[in-house]
Every structure is written in structure tokens, then in C-alpha cells.
Amino acid sequence: RGVSIAASTVTITTSPTLIATGLVGASWLYIHAPAGGNTIFVGPSNVTTATGLELPKGELHEFWLAETDKLYGIVATSTQPLMTMQSGGR
């Protein structure tokens, strides 16, 4: 069995936006918020800018997603691209 690796750019909006879902067998999610633009907050499906975890701009963040876990993002205004790479699964 091989390990999968997938990369993408997700456009985060002012509504909770799905960033990634944990793969079968769990996975690591790496996300990078660009240095400029809007601040991104992450959390569960009901994430808000008040309850979400703020992603410092220009830094790499990693999350362990159990199988079927979902991570969402939101911004206060406009949109913001978020670069992602997910590895793992069976």
C-alpha cells in the first residue's frame, strides 16, 4: 500500500469553508496562510471568527485528522486562498 499525497488551494470565504476531511486510516494536513490578506480562522463546521483558531500569516501549520474528521476555515471579509497538502490514508 502506498501513502497518498494531495495538494490544493482552498478559497476561504465568510461562511465556514471545508478545508479537508481526514482520510481512511487518518492523515496529516499541512496548511499555509499567505503573509498578506485576510486572517483565516479554523475549527469545526460551525467555526466563526470569534471561536476559531487564528492562523498566523505566513506560517505553516499541521493538523492530525482522524478518519472522517473535517476542518473548516472562515474569514471576516472577502476571501483568502489557503494552500494545503494532505498525506496519509490507506
Side-chain angles (χ1 to χ4, degrees):
R1 284 185 272 197
V3 173
S4 67
I5 296 177
S8 68
T9 300
V10 178
T11 300
I12 306 298
T13 70
T14 56
S15 297
T17 306
L18 180 63
I19 297 170
T21 301
L23 303 173
V24 173
S27 56
W28 283 102
L29 175 67
Y30 305 91
I31 57 179
H32 182 267
N38 293 303
T39 300
I40 299 172
F41 299 85
V42 296
S45 61
N46 61 347
V47 67
T48 68
T49 57
T51 62
L53 174 69
E54 181 179 338
L55 296 180
K57 295 176 183 179
E59 295 183 17
L60 179 68
H61 307 277
E62 57 184 71
F63 294 88
W64 176 253
L65 295 180
E67 190 172 322
T68 72
D69 279 356
K70 296 179 186 303
L71 184 67
Y72 289 81
I74 194 168
V75 292
T77 61
S78 192
T79 62
Q80 181 65 45
L82 178 68
M83 291 160 275
T84 72
M85 186 175 73
Q86 190 170 13
S87 68
R90 290 187 233 160

Quick one: are [X] and [Y] in side-chain contact, heavy atoms under 4.5 Å?
X	Y	answer
Thr17	Thr79	no
Thr49	Thr14	no
Trp28	Phe63	no
Leu29	Thr84	yes
Ser8	Gln86	no
Asp69	Leu71	no

Going hydrophobic residue to hydrophobic residue with side-chain gaps under 4.5 angstrom, can you get from Leu65 over to Leu53?
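Yes, it is one cluster - the side chains of Leu65 and Leu53 are joined through contacts under 4.5 Å.
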Any chain of hydrophobic side-chain contacts (each under 4.5 Å) joining Ile5 to Trp64?
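Ile5 and Trp64: one cluster.
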Taking all non-hydrogen atoms of both residues into account, name the closest pair between [X] and [Y] and its distance.
X	Y	value
Ala26	Ala66	CB-CA, 4.1 Å
Ser27	Gly22	OG-CA, 3.8 Å
Pro81	Pro34	O-CD, 3.2 Å
Gly52	Phe41	O-CD2, 3.8 Å
Ser4	Gly88	OG-O, 2.9 Å

Value rounded to 0.5 Å, distance of [atom1] in [X] from [atom2] in [Y]:
X	Y	atom1	atom2	answer
Gln80	Ile12	CD	CD1	9.0 Å
Glu59	His32	CD	NE2	8.0 Å
Ile19	Lys70	CD1	NZ	12.5 Å

I'd like to know whether Asn38 forms a side chain to side chain contact (heavy atoms under 4.5 Å, CB included) with Thr77, so could you lay out the CA-CA distance, the side-chain angles of the two residues, the decisive distance to 0.1 Å, and finally the verdict.
CA-CA 7 Å; Asn38 293 303; Thr77 61; 3.4 Å; yes
Under the criterion side chain to side chain contact (heavy atoms under 4.5 Å, CB included), I'd like the reasoning laid out for Val47 against Val42: C-alpha separation, chi angles, the key distance, then a yes or no.
CA-CA 7 Å; Val47 67; Val42 296; 5.7 Å; no
Taking Leu82 as the fixed residue, which of Val75, Thr11, Thr9, Leu55 is the one that meets the side chain to side chain contact (heavy atoms under 4.5 Å, CB included) rule?
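Exactly one pass, corresponding to Leu55.
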Heavy-atom donor-acceptor pair, Glu67 side chain to Gly25 backbone, under 3.5 Å
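At least one qualifying donor-acceptor pair exists.
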